[in-house]
Amino acid sequence: MDPALGPPDAMAEKRDELTPMMRQYHDLCARYDDALVLFQVGDFYETFCDAAERTARLLEVTLTSREDSTGEYPMTGVPIDNAESYIEELLEAGYRVAVADQVEEPGESPGVVERAVTRVITPGTLTEDELLASDDNNFVAAVARASGEEDAGADDELAIALLDVSTGDFLATSSTSSEAISDEVSRFDPSEAVVGPDAPADLFPETCMVTPFEADVFDRKHAGGTVSRYFRNPDALLASDAEIRACGALLSYAEYVRGGEHEGERDVTAGTEEDADDAESDDPEDARLEYITHLTRYDPREYLLLDAVALRSLELFEPRAVHGREDATLVGVLDETACALGGRKLRDWIRRPLLQPDGIEARLDAVEELTGSVQCREQLHELLRDVYDLERLIGRISRERANARDLRSLRDTLAVVPDVREQLADADCDRLQQLHADLDPLADVRELIDDAIVRDPPIEITEGGIIAEEYDSDLDDLRGTARDGKQWIDDLEEHERERTGVDSLKVGYNSVHGYYIEVTNPNLEAVPEDYQRRQTLKNSERFVTPELKEREDEIVGAEERADELEYELFCEVRSDVADEVERVQNLADALATLDALVSLSTVAAQYDYCRPEILERESGEGVEIDVEGGRHPVVERTQESFVPNGARLSPEQRLAVITGPNMSGKSTYMRQVAQIVLLAQVGSFVPARSARITPVERIFTRVGASDDIAGGRSTFMVEMDELATILREADEGSLVLLDEVGRGTSTADGLAIAQAITEHLHDEVGATTLFATHHHPLTELAEDLEAAFTLHFEVEQDDGEVVFHHEIAPGAATGSYGVEVATAAGVPEPVVERSRELVAENDDDASEEGLEPRNRAGGSRSAATTDGGNQPESVPADVAAELRSLQMAHLTPVEALTELDRLQRLLEERSREESEKA
Ligand SMILES: Nc1ncnc2c1ncn2[C@@H]1O[C@H](COP(=O)(O)OP(=O)(O)OP(=O)(O)O)[C@@H](O)[C@H]1O
């Protein structure tokens with residue numbers, strides 16, 4: 001265990017003798033033993049002992065020490081004012097951070113000042129804008145099994161719950177397959193996972209912090225109680241015990257990290273179903289997080305499924321190195337949203353493309369309508385730019401972490417809503433009409449903030465200057481008293497000058513002595529009786545009068561009371577606004593949806609996309625994809641010109657074997673088809689002249705071997721693993737992209753595997769498949785298979801140079817042009833020349849060899865012939881034999897070059913041996 005966590009050993013031994021403050025620190029460390037405790041002492045957050053040494057090193061701050069009667073303890077502190085940047089570094093180093101604040105003013109009660117953990121900051125539960133890396137969702141997940149018993153069977157139901165603490169988004173689903181849950185993990189990419197005793201540890205990638213949490217909160221009864229504090233009927237809302245356990249545990253965790261007076265929530269005996277029924281039971285109800293108002297239970301089968309491999313290879317959110325541009329992702333090209341809300345919504349749509357034509361058509365109708373009206377679209381975009389991140393704002397408000405500026409931001413957003421509504425007043429399609437209805441301007445909330453909070457309030461909420469005039473009569477009275485007093489003082493100078501006859505008399509103020517009357521030394525004789533000396537300066541004396549003192553006390557008293565009252569009033573307003581959390585969240589959702597739709601229509605109009613026709617698919621039937629003039633949405637933006645290509649796939653013609661030289665455009669083409677399908681299912685227009693598409697249920701990809709080298713497994717193993725998944729899980733509702741399968745092994749084995757896979761996909765799986773390959777014999781196979789066909793990219797040779805047209809055409813490619821590409825890449829001329837000779841020789845050989853007959857599929861191809869032939873004299877027999885056995889038609893250019901390189905070295909070795917013998 002990390003010695004920086006938990007109660008320091010040095011303190012534990014003598015806990016009872018520690019000073020009360022150090023004992024507090026010790027006890028909080030014991031209570032929050034999985035987190036680094038930052039302990040407020042005045043203006044600093046301090047850590048002690050091992051934690052101090054660790055933080056001093058990590059944060060590069062000075063290590064000091066603190067002594068009490070029990071000894072001297074290392075200590076390190078960071079200023080509270082910029083604690084967030086230090087906390088960020090601690091999080092990056094893999095720590096959770098528990099912030100223990102002073103929760104009363106020093107001297108407020110006898111003894112040591114009270115401290116409590118007011119928040120536990122973990123990667124998955126961030127709420128501070130400074131710590132949240134982006135506007136995107138930041139999820140914490142919890143996973144639970146149905147039974148929760150240690151010996152649970154393999155096909156027990158597994159559930160995952162996901163919560164974004166900063167926005168209140170809360171989702172849950174379950175499945176009997178752990179792969180399906182793993183796919184959901186990839187989809188939502190949580191930064192933290194809370195696990196109970198029975199969760200499979202290998203579900204989460206390394207980037208996700210795994211937080212073990214108390215077993216009891218995962219208990220069915222306890223979890224049911226927790227969920228029912230939030231949602232009326234958990235059993236009707238959620239589909240299984242596993243889901244209830246995951247949701248309940250996650251809510252308990254969210255309550256736990258909120259800390260503060262609710263820290264008792266870690267006491268897991270509270271919150272059973274019986275407690276929840278008892279309206280009077282205070283503790284659990286108090287712990288309730290007001291901003292969690294919706295729970296979306298979904299079935300993964302309602303959405304197009306994309307596993308981690310497909311998410312990566314289709315460049316949805318992460319760019320692939322090849323394009324080398326940050327925004328070279330699908331979300332990058334689609335995101336023209338105006339506000340953070342819309343950006344998150346769009347990402348969610350891309351993460352979960354739809355399957356049901358109705359839902360897709362509803363979005364497409366809205367996109368079409370907005371695409372057709374430039375003015376409306378642009379005005380909406382302009383208006384939406386003034387929309388703040390309402391979800392995070394209302395989250396902060398309901399967590400009592402919002403300041404007056406946050407309330408004004410909410411008010412400013414509400415002020416935009418009537419204009420946004422106005423733009424939708426004449427909408428035709430259902431979706432836009434519905435949004436028009438959903439856009440509640442929350443006039444009451446806006447009015448409240450307008451009345452209560454000044455236009456430009458300060459950041460601080462305890463120093464006054466927040467509450468508007470005429471909002472509260474007591475406050476107005478206090479302010480009046482302070483104002484009158486100040487006016488009296490303003491008049492005092494004039495008055496006293498007249499009374500004393502001293503023209504140089506001045507009235508001033510300083511923070512130590514308060515108000516004073518200053519008289520210079522030559523005039524001291526004129527000082528009246530009632531002046532009381534307060535301060536002697538070099539050339540003057542300062543006085544007060546009993547009346548001035550009295551007025552001063554009055555002003556200070558009134559100001560202090562006004563500040564306190566303002567704070568109270570502010571908290572009341574904030575709490576009244578917090579009561580409307582659900583309405584604000586609903587408004588946020590409507591604005592987010594509108595922004596996402598406007599963004600899709602902006603892209604559609606700007607980049608000449610077309611509305612796809614969505615076809616119904618009966619279950620068990622195959623897929624129809626008919627695209628004319630399609631373009632790759634990402635690649636077309638990264639280069640000057642792009643050649644459009646069509647695609648026609650149907651249940652009768654569903655497996656395309658695509659050949660063509662390197663760099664001709666095979667991979668681009670395949671990804672383009674998949675991205676067009678995916679875009680259509682998002683409800684977006686697509687980069688094509690026309691498109692007719694049946695929604696696909698799942699997209700599988702197996703792409704370039706060098707792309708996916710996962711830790712600890714060879715390239716070939718990764719490839720086979722991904723293939724195994726495809727063969728096991730794909731069906732006629734799937735779209736499968738295979739890019740150069742079988743490269744990581746010998747040519748013969750590679751071809752055999754590719755052939756077997758093609759046959760299996762064709763005969764058994766029935767998935768719509770695009771298969772790019774350098775194994776030319778596969779094109780022959782495609783001709784034998786009823787529902788397979790061939791496509792190719794042709795290139796031209798112009799004066800020895802290869803010219804790429806990037807145009808797809810029916811049939812198989814005639815040559816591989818690998819040698820020409822090698823020339824272009826700068827491979828030395830003699831090697832290229834020799835390659836040409838070999839290609840010519842081997843073409844003859846290859847034409848005599850065929851593919852394994854289908855009924856012998858899987859058998860390895862015949863071994864190389866080693867007997868002589870037309871052996872050139874200068875070539876040693878073994879090298880010649882190896883050269884002859886090379887099957888050039890079956891080698892990729894890189895493999896051919898590697899072979900050539902090896903043979904050239906062998907030749908040189910042989911010549912050296914010969915000359916040494918001679
Ligand atoms: N339709 C197109 N119009 C214009 N340029 C294209 C087109 N398709 C591909 N390209 C360009 O050609 C480059 C190579 O394309 P791609 O990677 O798809 O080739 P490939 O045939 O898969 O090559 P390899 O077999 O070496 O993997 C792309 O990076 C892109 O710049």
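Numbering of ligands and ligand atoms starts at 1, following listing order. Please read these numbers as outputs of a predicted model, since none were measured by experiment.
- Shown in contact with Gly665 at under 4.0 Å from a heavy atom are these atoms of ligand 1, numbered in order with element: 8 (N), 9 (C), 15 (O), 16 (P), 18 (O), 19 (O), 20 (P), 21 (O).
- For the pair Arg611 and Asp365, the salt-bridge criterion is met [side-chain N within less than 4.0 Å of a carboxylate O].
- Of the N or O atoms in Phe642, none lie within a sub-3.5 Å distance of an N or O in ligand 1.
- For Ser664, the heavy-atom gap to ligand 1 drops under 4.0 angstrom.
- A salt bridge is absent between Arg347 and Asp189: the closest approach of a Lys/Arg side-chain nitrogen to an acidic carboxylate oxygen does not fall below 4.0 angstrom.
- Here is the list of ligand 1 atoms found below 4.0 Å of a heavy atom in Ser641: 4 (C).
- Using a 4.0 Å cut-off between heavy atoms, Glu740 contacts ligand 1 through its side chain alone, with no backbone atom that close.
- With respect to the salt-bridge test (charged N to carboxylate O, under 4.0 angstrom), the residues Asp348 and Arg351 qualify.
- Taking any N or O of Val635, backbone or side chain, none lies under 3.5 Å from an N or O belonging to ligand 1.
- Closest heavy-atom approach to atom 8 (N) of ligand 1 among the candidates Asn662, Thr668, Ile808, Asp739: Thr668.
- Those atoms of ligand 1 that come under 4.0 Å of a heavy atom in His774, given as number and element, are 25 (O).
- Looking at ligand 1, you won't find any N or O of Tyr669 less than 3.5 Å from one of its N or O atoms.
- Contact check for Thr668 versus Asn645: no side-chain heavy atoms found under the 4.5 Å cut-off.
- At a cut-off of 3.5 Å, with distance as the only test, a side-chain donor of Glu740 or His774 sits close to an acceptor on the other residue.
- Residue contact check: Gln639 has heavy atoms under 4.0 Å from atoms 4 (C), 5 (N), 6 (C), 30 (C), 31 (O) of ligand 1.
- Within the 4.0 Å heavy-atom cutoff, Pro661 counts among the residues contacting ligand 1.
- The aromatic rings of His806 and Phe804 sit parallel to each other, their planes meeting at less than 30°, with 60° as the upper class boundary.
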